[in-house]
Amino acid sequence: MTRVVSGIKPSGELNIGGYAGALHQFVAMQDQYECLFFVPDLHAITVPQDPKELFRRSKEMAALYIASGVDPRKATLFIQSHVPAHTELGWLMETGAYFGELSRMTQFKEKSDGKEGISAALFTYPALMSADILLYQATHVPVGDDQKQHLELTRNLAERFNKRYGKTFTLPDPIIQTLGSRVMGLDDPAKKMSKSNPNQSSYVLLMDSPDEIRRKFARAVTDSEMRVSYDWDNKPAVSNLIEIYAVFSGETTNVIEGRYEGRGYGEFKKDLAEVVIDKLIPIQQRYREIVDSAELIHVLRDGALRAADVANETLRMAKKAMGLFVIE
Ligand code: TYM
């Protein structure tokens, strides 16, 4: 059985990097596999959040999943904090995670670097993430490249648990697609596209207006060659744009290179903006229809109940295996 689990934090408005690396994959997988997609709100609060904003964003992220094509009749869709088993198994997994291995997590190092008042939760976050996955006995986890290390840790924690207490968890494999798994900033191809970049032109948001999208791609850095070719070693900025084009058009990088042979960057960037806009307009329309609907609340309530059925069963097994006093 193939079971797929994944989520996108509601800590900022979604950019096209998260769409390319994760959400786009969710939609492609739901027809073939049993899928559970959730909004990891408990992960968002590992760094300070404005409560009103967080409330709004969790709902918005769930609406964006649906607007992008996640179909609640095919996939189970829920908010992480609606299924308390996540926090419970998170704690159990923390007991088997070593301080040293958590200290080595690149994301923790990046997010804590030079900051004061780092929460303990930011440090133990990968243990909660492992619980998110292991609770559902997931076989596959579609993620962008930056989550690879967290997935490796999840496998290690699961293996350690199974060895110590008996086979309880399935070891999951990450699914990292070749195109779009690491969308870089439009201002600097050495940095991941991220909403935390103070330069707003460095990212395109799913909810950006067509004019904003045109302006941002027009400003995107390229190089001095004027040749649209896919070559990450020598032309990272242009290669990043070609990958975005490929994900949003469904075409191969070869086809795109061929089309723009002998034509300059200006035309290529203009077309790229239109390709992205064409994809985002229907998503934005659908989003507006559902974000404040009773249908969304119904989907999330139903999703949490379905998810909890599976999660509670695994949690019970894990507790029993560890020798906690489970009453049958
Ligand atoms: P998060 O919320 O930072 O990002 C969500 C997903 O989007 C991918 N992503 C990108 N992919 C390509 N290019 C980019 N510029 C880009 N930015 C983000 C991420 O790799 C990720 O797949 N810890 C996770 C959320 C999480 C989770 C889970 C994921 C919590 N529990 C269980 C899978 C399974 C996170 O912070 O992703």
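Ligands are counted one by one from 1 in listed order, and the atoms in each one are counted from 1 as well.
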Set of residues satisfying ring pair (Phe, Tyr, Trp, His ring centres under 6.0 Å) with respect to His43, sequence neighbours excluded: Tyr125

Centroid-centroid under 6.0 Å between Phe38 and His86 rings: yes

Test ring pair (Phe, Tyr, Trp, His ring centres under 6.0 Å) applied to Phe99 - qualifying residues, sequence neighbours left out: Phe123

Expected output: side-chain Glu261 to main-chain Arg227 donor-acceptor under 3.5 Å: no

Close residues, ligand 1: non-hydrogen atom nearer than 4.0 Å: Ser6, Gly7, Ile8, Lys9, Gly17, Gly18, Gly21, Ala22, Phe38, Pro40, His43, Tyr125, Met129, Asp132, Ile133, Val141, Val143, Gly144, Asp146, Gln147, Gly180, Ser181, Arg182, Val183, Lys192, Met193

Parallel, tilted or perpendicular: ring planes of Phe78 versus Tyr136, cut at 30 and 60 degrees: tilted

Non-neighbouring partners of Asp208 that pass side-chain contact (heavy atoms from CB on, under 4.5 Å), sequence neighbours left out: Val204, Leu205, Glu212, Ile213, Lys216

